[in-house]
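The block underneath contains the structure these notes are about, expressed in structure tokens.
Below, read A as the first sequence line, B as the second, and so on, with proteins coming before strands; counting in each chain starts at 1.
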Amino acid sequence: MSDLIEEFRWRGLLQDLTDGAAEHLAAGQRTCYVGFDPTASSLHVGSLLPIMALVHAQRHGHHPIALVGGGTGLIGDPSGKTEERRLLSLENAAANAEAIRAQLQRFLDFGSRNNPARMRDNLDWLGEIRMVDFLRDTGKHFRVNEMLRKESVRRRLQSGDTGISYTEFSYLLLQAYDFLELHRREECTVQLGGSDQWGNITAGIDLIRRVTGVSAHGVVLPLLTTSTGVKLGKTETGTIWLDPTRTSPYRFYQYWINATDDDALRYLRLFTLLEQDEVVRVGEAARAEPAARHAQRAVAEDMTWRVHGEDGLTRARLATRALFGGSLEGLTADEIADIFTDVPWSEVPLGELAGDGTSVVDLLVGARLAGSKSAARRAIEGGGIYVNGRCVEGVDARATAREAIDGRFLVLRKGKKNYALVRLIRGGP
RNA sequence: GGUGGGGUACCGAAGCGGCCAACCGGGGCAGACUGUAAAUCUGCUGGCGUAUGCCUACGGAGGUUCGAAUCCUCCCCCCACCA
């Protein structure tokens, strides 16, 4: 068995592990699982770390299990939350679980002969369990005294007014029970997760030991922030999702391209499957030729391909080259339409551009590049607004039909990298 | 329950009758420099067909005043100490 923990270590994926976990994983083919919460209908960049942990586990010959929390999602994990969660409806949780399942498929190899990935949903067992059985067989192993000492519970008890409901208080038991159930059904002995899951994971380990006498193990990953302290996968404009309808492949690609140099080098280790010497090589290339953004590019290409496939990557590249490489000049309207499928757009009747045209301020607000007319005027005054790549001078500027590319589009840009497309549609004002 | 201190824009925090759409810091946006980095520097940071104009806004509701974020009354919420 190759050394999974050693790989976690050099990649910066290791926050903490239980005693003996490294030896356990090194000594044979094990079954490892990670739980994914279906609170949203898509995973986001923040979930990529545990996914990659599972990917590495599989590459090292272990059996990976992705557990979708169709059951636990109905309860809500209090870890890291300061307030009680709103309960998901049964249908929502099921739909979300299904969507997440599809996203996980892209990362893991389900067809492997030796160690195919498996997908499980804990609703399969949690949904059928009988209350009385659960309390007798599982509840008996938990001391409330200890549960009260758990960080996630204590914080909620101290926060006073909201407190914690019995429902969320029980969450720990359910997740512990998941581990036990996977141990019984799939011989799973290792759980991976974010470091906020430590308490839940150790609870599962304890339960397995009490019920079966077997020592199971846990490995937790660090909670990452960018070098500027922002939670990974969050930007000013919102979360970066894996779902292409929520975050377009182009935006997804751009998220990685825009990483700072330091972050990009870390991401190389955390998110790509490049070997150690390759990481070093890319790092050196990046240092020697910073403008080429070798590290950012490598991460962006790799992740976009993995999440959005060859097609998504091609589109993201095409758009990026057009928007940041050369100019828009020389592109046909069809090419523009294609490049900008991922960029926000608005529609304006062609007739409004007739004569002396329509005001750029209004176009900006319409395309949501500016929150208000005042903001649009300020942006123009600051020199940060471009129509078809030409800087707009003066707040009174107007756009006319003559400027429209092929009579079909206007390309608005705010700053260096915020684009919006105005589609001109038939009809008068 | 008592006493004291507070609630101001995205956050922190000044202002304490007109000069207040509200100092300052952070954040955000834009510009310069660069490499679609970082750091640094500059400008902007309520809305409105740009207006010595109007509207909205200093916890909420009333009131005093020519005029209130600023004073008064009641209410709500937070914090500290006491019970």
Side-chain angles (χ1 to χ4, degrees), chain A residues 82-83 158-162 225-232 234-240 247-268 282-301 303-304 316-328 339-340 342-344 352 355-387 389-399 411-420 429:
Chain A
T82 52
E83 281 180 15
Q158 283 164 355
S159 77
D161 34 52
T162 48
T225 56
T226 67
S227 54
T228 46
V230 182
K231 221 165 142 191
L232 199 77
K234 304 277 181 189
T235 66
E236 320 75 58
T237 38
T239 304
I240 304 295
T247 300
S248 69
Y250 163 73
R251 285 222 182 291
F252 184 84
Y253 184 87
Q254 284 291 320
Y255 174 77
W256 302 104
I257 289 287
N258 277 310
T260 68
D261 290 6
D262 288 347
D263 284 342
L265 292 173
R266 278 198 307 146
Y267 294 166
L268 225 39
V282 175
E284 277 166 3
R287 248 181 297 279
E289 206 186 352
R293 308 171 84 82
H294 290 295
Q296 282 91 337
R297 221 169 280 281
V299 177
E301 299 266 319
M303 285 320 296
T304 308
R317 273 194 195 132
L318 186 67
T320 294
R321 201 166 321 128
L323 266 33
F324 295 103
S327 69
L328 296 168
I339 288 166
F340 284 91
D342 285 351
V343 157
E352 278 189 20
D356 51 331
T358 189
S359 96
V360 174
V361 166
D362 288 339
L363 289 175
L364 288 168
V365 175
R368 286 190 300 275
L369 273 185
S372 70
K373 293 185 180 184
S374 305
R377 291 191 184 104
R378 280 196 295 269
I380 291 174
E381 279 165 0
I385 296 297
Y386 303 79
V387 174
R390 256 197 313 283
C391 186
V392 172
E393 304 196 14
V395 296
D396 299 322
R398 304 184 76 79
V411 178
L412 303 178
R413 186 177 122 213
K414 184 178 86 154
K416 280 186 182 128
K417 39 194 170 186
N418 305 298
Y419 284 87

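Checking B:U36, B:G35, B:G47 against every side-chain atom of A:Pro290, the shortest atom distance belongs to B:G35.
Across all strands shown, A:Ala259 has heavy atoms under 4.0 Å from sugar-phosphate atoms exclusively, and none from any base. At the heavy-atom level, A:Gln296 lies under 4.0 Å from base atoms of the strands shown.
The phosphate of B:C48 has OP1 or OP2 within less than 4.0 Å of a side-chain N or O from A:Ser372. OP1 and OP2 of B:G46 both lie 4.0 Å or more from every side-chain N or O belonging to A:Ser374. Between A:Lys414 and the phosphate of B:C29, there is no side-chain N or O to OP1/OP2 separation shorter than 4.0 Å. In terms of phosphate contacts, A:Asn418 brings a side-chain nitrogen or oxygen within less than 4.0 Å of OP1 or OP2 of B:A30. Note on A:Lys417: a side-chain N or O is less than 4.0 Å away from OP1 or OP2 of B:A37.
Taking each heavy atom of A:Ala420 and A:Ala367 in turn, the nearest pair found is CB-CB, 3.8 Å. The two residues A:Leu265 and A:Ala295 make their nearest non-hydrogen contact at CD2-CB, 4.0 Å. The two atoms that bring A:Tyr419 and A:Leu323 nearest to each other are OH-O, 2.8 Å, heavy atoms only.
As rounded to the nearest Å, B:G12 and B:G49 have C1' atoms that lie 37 Å from one another. Remark: the separation of the C1' atoms in B:C79 and B:C24 is 24 Å, to the nearest Å. On the C1' atoms, B:G25 is 30 Å away from B:G35, given to the nearest whole Å. Nucleotides B:C71 and B:C58 are separated by 16 Å at their P atoms, to the nearest Å. As rounded to the nearest Å, B:A39 and B:G6 have P atoms that lie 38 Å from one another. Of the C1' atoms belonging to B:C81 and B:G27, the separation is 35 Å, rounded to the nearest Å. Nucleotides B:G5 and B:C10 are separated by 26 Å at their C1' atoms, to the nearest Å. With both ends at atom P, the span from B:A22 to B:G53 equals 13 Å, rounded to whole Å.
Searching all strands for a Watson-Crick or G-U wobble partner of B:U42 with both distances below 3.5 Å returns B:A30. Checking B:A37 for Watson-Crick or G-U wobble geometry (two distances, each under 3.5 Å) identifies no partner in any strand. Of all nucleotides present, only B:G63 satisfies the Watson-Crick or G-U wobble test against B:C71, with each distance under 3.5 Å. Across the strands present, B:U3 finds its partner in B:A80; the criterion is a Watson-Crick or G-U wobble pair with both atom distances under 3.5 angstrom. Nucleotide B:A51 has no partner under the Watson-Crick or G-U criteria, as no pair reaches both atom distances under 3.5 Å. In this structure, B:A14 forms no base pair with any nucleotide, since neither Watson-Crick nor G-U wobble geometry is met with both distances under 3.5 Å. In this structure, B:A22 forms no base pair with any nucleotide, since neither Watson-Crick nor G-U wobble geometry is met with both distances under 3.5 Å.
For the residue pair A:Asp261 / A:Gln296, a side-chain donor-acceptor distance below 3.5 Å is found, with atom types taken as modelled.
Using a 4.5 Å heavy-atom threshold, the side chains of A:Leu412 and A:Ile385 count as separate.
Protein atom NZ of A:Lys416 is 16 Å distant from nucleotide atom C1' of B:G28, rounded to whole Å. Atom CG of A:Asp362 and atom P of B:G49 are 8 Å apart (whole Å). When the P atom of B:G35 is taken as reference, atom CD1 of A:Ile257 falls 16 Å away, rounded to whole Å. What separates CZ of A:Arg251 from P of B:U36 is a distance of 18 Å, to the nearest Å. Taking atom CZ of A:Arg378 as the reference point, atom P of B:G46 lies 6 Å away to the nearest angstrom. When rounded to the nearest whole Å, the span between CH2 of A:Trp256 and P of B:A37 equals 18 Å. Atoms CG (A:Asp263) and C1' (B:U36) sit 15 Å apart, rounded to a whole Å. Remark: P of B:U36 and CZ of A:Arg413 are 11 Å apart, rounded to the nearest angstrom.
Between the base of B:U36 and the side chain of A:Gln254 there is a donor-acceptor pair shorter than 3.5 Å. On a pure distance criterion of 3.5 Å, a polar donor-acceptor pair joins the side chain of A:Asp261 and the base of B:G35.
For the pair A:Ala375 and A:Ile385, nearest-nucleotide mapping onto RNA chain B gives the more 5' position to A:Ile385.
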Stepwise, does the side chain to side chain contact (heavy atoms under 4.5 Å, CB included) test hold for A:Met303 with A:Tyr253?
CA-CA 8 Å; A:Met303 285 320 296; A:Tyr253 184 87; over 6 Å; no
Can A:Asp362 and A:Lys373 be said to form a salt bridge (charged side-chain N to carboxylate O under 4.0 Å, His left out), step by step?
CA-CA 7 Å; A:Asp362 288 339; A:Lys373 293 185 180 184; 3.5 Å; yes
Begin with the C-alpha distance, continue with both residues' side-chain angles, and end with the deciding distance and a verdict on side chain to side chain contact (heavy atoms under 4.5 Å, CB included) for A:Val395 and A:Val360.
CA-CA 8 Å; A:Val395 296; A:Val360 174; over 6 Å; no
